[in-house]
Amino acid sequence: MNTETDTPLLRVSGLTKRFGAHSACCDVGFEIFPGEVLCIVGESGSGKTTLLKCISAQLQPDHGSVEFDTRDQGLADIYRLSEPMRRMLARTDWGFVFQNPRDGLRAGVSAGANVAERLMAVGARHYANIRHEASGWMQKVELDARRIDDLPDTFSGGMQQRLQIARNLITRPRLVFMDEPTAGLDVSVQARLLDLLRGLAADLGLAAVIVTHDLAVARLLAQRMMVMRGGSVVESGLTDQVLDDPQHPYTQLLVSSVIQA
Amino acid sequence: MIDVKNLCKSFVLHNQGGAVLSVLRDVSLHVDAGECLVLHGPSGTGKSTILRCLYANYRTQHGTVRLRHQQRWVDMAGATPREILTVRRHTLGYVSQFLRVIPRIAALDIVMEPLVRNGAEHAAAKRSAQAWLERLNIPQRLWHLPPATFSGGEQQRINIARSLIAAPPILLLDEPTAALDGINRQVVIDLIDEAKRRGAAVAGVFHDTEVRDAVVTRLFNLDISGAPYGR
């Protein structure tokens, strides 16, 4: 896996999104390269989720551009692509892990069908092969593959989250967006999920943008970090730099507020 | 291999009324291949801070922090996050003073990781990690356990193995023997010697005089004002 390429996987420039008079995101810019994990950290209302939605084609920004390194056209503004192309990207090259796994799973179909859906959406038809892939991915996320035909709501929250991850990763996306992937889970379940994410990101060479309010998650998963407050990025750098040598008053406040167990 | 010029580092504590801690003032030093530069001075004079600036863990206000990386010089003070990550991955080994253990990953996997990350074949990386753990006297029954429950000395040795296994050209050691007994202190002395002989540049903080005297090529002295003195 070559992480020394010069073309970024994602380039965000001057991104601004307003809701009426309120600026949710103001002039945000950054680049992500293959294999990098970036954490966007901030408290409630900082604009981090809005930013995530804008860069994952879920919410069109008012200003600025979001360019993705498409396989055939190179860097292209995702909002200038056709709708079918955007949908194709969302199903193959991108992944989105929602905070609440029920937002990222289909409740009415089996675990296996959930995991395999993206494969079928890109034309896979051979039933036995699809089932075999789905089963393999369930095992990769440490779910019992014998439960392939069970409905999602028969799984616990932590297991549903892992199901959601498998569902996204099966098409080996190059960039995965995650919105508070471990919030709401029990601490021990969180720990296991973080291990899994860390291992998968390393093994698959994933690039990821993870929104979280939890600095420990950032420390564990991300090499780079951006701190948001009131819609603006107040500080960014390597995760260890930002956490060990915070420059901005708000970052210093955030870091000093974390209680060590 | 290491070339620092006019390094200034201070901390501004915004939430404590903007108090300024000026830790390093106009520090210049260099380390050549095969040398071990010992950073020396009382507690609080900025020795660990220098190492953290070399590792680009700390930001700097002034000066250049150049490291020799793959036949060119990289100024860590001005490099992009990507460049810093590349230098850390291929050129730097850093043993920090305070152990931050990643929970729930087995000791063997922690030690193997730098090799695997750089593309080494899994079985070979595993054998190498096992050899390092043996060298550092970590009993086999601990290899598949996460280090969170290990003693301080055992954790420190895992840290050392992980930092040295990929034979980095530049080594930054912050009190690597603080928690170690006599036998393992000697192992670390031998490891530093071997590193110097293979041409690595070592910069370190050693409060233990036995270890310091065994590994030092030159001393770099810091006094209480964060400014260097003497030679």
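Here is how names work: the chains are called A, B, and so on, in the same order as the sequence lines, proteins then strands, and each is numbered from 1. The shown structure was predicted, so the numbers you read here are calculated from the model rather than taken from an experiment.
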Enter the distance from B/Ile84:CD1 to A/Gln223:CD here, rounded to the nearest 0.5 Å.
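Reported value, rounded in 0.5 Å steps: 12.5 Å.
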
From B/Asn15 CG over to A/Tyr250 OH, what is the distance, rounded to the nearest 0.5 angstrom?
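Taking CG in B/Asn15 and OH in A/Tyr250, the distance rounds to 11.5 Å.
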
Does the side chain of [Y] come within less than 4.5 Å of [X]'s, by heavy atoms?
| X | Y | answer |
| --- | --- | --- |
| A/Gln241 | B/Tyr58 | no |
| A/Leu238 | B/Arg82 | no |
| A/Asp240 | B/Arg88 | yes |

Looking only at B/Leu13, B/Asn57, B/Asp109, B/Leu85, the option with the highest number of non-hydrogen pairs under 4.5 Å against chain A is B/Asn57

Heavy atoms of other groups near [X] [atom1], more than 12 under 6.0 Å:
| X | atom1 | result |
| --- | --- | --- |
| A/Arg229 | CZ | no |
| B/His207 | NE2 | yes |
| A/Lys140 | NZ | yes |

- Item | Identified side-chain hydrogen bond (donor to acceptor under 3.5 Å, both in side chains) counterpart of A/Asp245 within the set B/Lys9, B/Arg52, B/Arg59 |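 Running side-chain hydrogen bond (donor to acceptor under 3.5 Å, both in side chains) over B/Lys9, B/Arg52, B/Arg59 with A/Asp245 returns exactly one hit, B/Lys9.
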
Q: Could you give me the CA-CA distance, side-chain angles and deciding distance for B/His14 and A/Thr251, then say whether side-chain contact (heavy atoms from CB on, under 4.5 Å) is met?
A: CA-CA 10 Å; B/His14 294 286; A/Thr251 317; over 6 Å; no

Side chain A/Asp195, main chain B/Ile105, donor-acceptor under 3.5 Å: no

query = Is the side chain of A/Gln247 donor-acceptor paired with the backbone N or O of B/Val12 at a distance under 3.5 Å, no angle test?
reply =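 Pair absent, no side-chain N/O of A/Gln247 close to backbone of B/Val12.
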
Exercise for review: Side chain from CB out, backbone as N, CA, C, O: work out which of these in A/Ser236 comes under 4.5 Å of a heavy atom of chain B, or both, or neither.
Suggested key: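 A/Ser236 touches chain B through backbone heavy atoms alone.
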
